[in-house]
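Reading through the structure tokens given below for one structure.
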Amino acid sequence: MQLLIEQILNGLQLGGTLFLLAAGLTLVFGIMGVINLAHGSLFMIGAYGAAIVAGKTGSWGLGVIAGLAAAALVGVLIELVVIRRLYARDHLYQVLATFGLILFFNGLVAMVVGRAPLLMETPKVLSGFVELLPGIPYPTYRLAVMGVGLAVALGLWFMIARTRVGMLIRAGATHRDMVSALGVDIAKLYTFVFGLGALLAGLAGIVVGPIRSVQVGMGEQVLIMTFVVIVIGGIGSVRGAFVGAMLIGMADTLGRAFLPGLLKMHMSGALADGLAGALSSVLIYIVMALVLVVRPRGLFPVGG
Amino acid sequence: MQRGERISQILVALATIALVALPVVAATFGSTYAVTLATRLLIYGMVAVSLDLIIGYGGLISFGHAAYFGLGGYTVAILAFQLAEGVPIFGYDGTNEALVAWPLAMLVSGLAALVFGALSLRTSGAYFIMITLAFAQMVYYVFVALKYYGGDDGLAMARRNTLGGARIVDPQIFYYICLGLLAAVIFLVGRFTRSRFGMVLTGARMNERRMAALGFSVMRYRLVAFVIAGMIAGLGGALWANLARFVSPDMMAWTKSGEFMVMVILGGLGSLFGPVLGAAAFILVESTLSELTEYWQVLFGPVVVLIALFAPRGLWGWLTVRRRGA
């Protein structure tokens, strides 16, 4: 029972992190129609920015600021230089160009920082445990990560549903030409949205830093999981991204934690271990396939 | 257009002569490395041609083609492994015979393509890209988790397959086998794309609704193309396993799928011969840059970006379609 609650919390925490990534990716796709593989690179850049600056200065706060700034800056830069030219192009070229960006950033980070993983410490204030229920201590930091995910979800909802910028974003997604004809600078709006997505990806990278190691290629693993999330949620839907992220976060965490035990009840140890290892790593793809069989455009389909 | 056709005929003739003569020339210079490199080119070219069938002709942007390449390779390596261990697999003994193992590799890849294709083709556009990627990633993780077959470390093959009982260890002989198979693949894919079937596939890329209105079951045509492409990629994987005498999950890593895609676009979408040219250019650029620096990706990445932004017709289009007025 104690383990179950702990794992559910871990699932929520992974879901929160995935949401930070998925929100940006799904916004960029929903509004600009661009598939951005380099989203994972922004995640990596955020993590590296924070890990390096926090390591050098010893201040976690400065690390966070540096990570966010680095991710947002690189995001705006690649929007201006590369992504902007891809809006009207076929998905194929978007995939290809952003694939090239990944190669570039992975190579660049390996060259400048090195291939050895960086360690990032948990901030002191959040390094303890909280007793959520009597007898169940849980790391404060992971709770904080969950809180960040939730806060961003609420903030995004507020921005998109209640503010003028959000109104423009919604309008720009469905009636690009009309919004532009009404005198809104669409190019600036797109840069803003892309920068926002980059910022959120960077934030995800920063909060994951102390939980996993910061290393080259960390972005791609999580990127593909993020794809699964937004495909399940419906590409372009922030609400779908939230539901998808929680679903995948849970499925992945609980599968890894409990499948080996469940299988061992029915078969021999070695076989169960092998099968559980394979099964728990493909569980999220099976979930995705099931969702798509029932709803090919995801749980919250956007547009026609 | 006629001029373009003439040019491509000349190019194909020249390339054929060069490829047939290559091992002989390399032998006079005493270089076996060139033959190995060229064999890689042939195999990558074959996989790129198969990917072009679905991306270029079918308009189906599959980002998981490496999965079928890897499955083909693993089929061959696993059959050899089971033979060496003396352990039957699914009740049958393993084998080291190419005439059995290679068709089986195509079968396994084809079956995987059938299942994944049937699921992915329910969707389109961005969904299709991400789902093919996700399924490939799933296959990748399965093989990472299969510790019995080496997991992350991969699986080595003690020797190359035999072909009809004969050994094909000689690099030149193996090169010509790959060349012959590549020629056969190009011939078949060419016939396929010019047939009624290929016309429906191309028509569905241009206007899916119109083809459906004409009474064609678009999904079925696409699925068949997807399976054929998967089978060819599986054959490519089988050849690759024999060339390297080693398979690992890296064969089906998503970056590999991306690289195949780069080859197709670099060579020219829907151009049949173009992807082989693309594979050649890719291998050339990769080996040159990686000699230059360990961090060759820093240079290669921007090259890929530039190709995507400024060279949509690829090398083949650039060579065969002259600018107006020329």
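Predicted model, so just to flag it, every value in this text is computed and none were measured. Labels below follow one simple rule: chain letters A, B, ... track the order of the sequence lines, proteins then strands, and each chain is numbered from 1.
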Identify which part of A:Arg115 has an atom lying under 4.5 Å from any heavy atom of chain B, answering side chain, backbone, both or neither. side chain

Mind checking whether B:Phe260 and B:Tyr44 have ring centres under 6.0 Å apart? yes

Of B:Leu269, B:Val144, B:Val139, the largest count of non-hydrogen pairs under 4.5 angstrom with chain A goes to B:Leu269

Heavy-atom distance under 4.5 Å to chain B: side chain of A:Val231, backbone, both or neither? both

Under 4.5 Å to a heavy atom of chain A? For B:Leu146 that would be neither

Where does B:Phe63 contact chain A at under 4.5 Å (heavy atoms): side chain, backbone, both or neither? side chain

Pick one of side chain, backbone, both or neither for B:Leu306, based on which atoms fall under 4.5 Å of a heavy atom in chain A. neither

Of all heavy-atom pairs linking B:Ile54 and B:Ala229, the shortest is CD1-CB, 4.0 Å

With a 6.0 Å cut-off on the ring centroids, do B:Tyr68 and B:Phe135 count as close? no

Region of A:Met111 in contact with chain B, defined by heavy-atom distances below 4.5 Å: both

For A:Leu279, which atoms come within 4.5 Å of any heavy atom of chain B: side chain, backbone, both, or neither? neither

For residues B:His65 and B:Ser50, is any side-chain donor paired with an opposing acceptor at under 3.5 Å? yes

Heavy-atom pairs under 4.5 Å with chain B: which of A:Ile235, A:Val282, A:Leu108, A:Val228 has the most? A:Ile235

Identify whether the distance between the nearest side-chain nitrogen and carboxylate oxygen of A:Glu79 and A:Arg85 falls below 4.0 Å. no

Flag the one option from B:Ala134, B:Pro302, B:Ser124, B:Ala145 with the top tally of heavy-atom pairs under 4.5 Å to chain A. B:Ala134

Please name the pair of heavy atoms, one in A:Gly11 and one in A:Thr253, separated by the smallest distance, quoted to 0.1 Å. CA-OG1, 3.3 Å

Which atoms of A:Phe105 are under 4.5 Å from chain B, going by heavy atoms: the side chain, the backbone, both sets, or neither? neither

Tell me, side chain or backbone of A:Ile35 under 4.5 Å from chain B's heavy atoms, or both, or neither? side chain

Can the ring centroids of A:Phe29 and A:His39 be said to lie less than 6.0 angstrom from one another? no

With a 4.5 angstrom heavy-atom cut-off, which part of A:Ile224 approaches chain B: side chain, backbone, both or neither? side chain

Check the pair B:Trp316, B:Leu272 against side chain to side chain contact (heavy atoms under 4.5 Å, CB included), reporting the backbone distance first and the verdict last. CA-CA 9 Å; B:Trp316 193 260; B:Leu272 192 59; over 6 Å; no

Determine whether the aromatic ring centres of B:Tyr149 and B:Tyr74 lie less than 6.0 Å apart. no

Contacting moiety of A:Leu37, where chain B heavy atoms sit under 4.5 Å: side chain

Under 6.0 Å from the six-membered ring centre of A:Phe242 and within 45° of its axis: does the NZ or CZ of A:Arg239 meet both? no

What residue in B:Val142, B:Ile61, B:Leu299 has the most heavy-atom pairs under 4.5 Å with chain A? B:Ile61

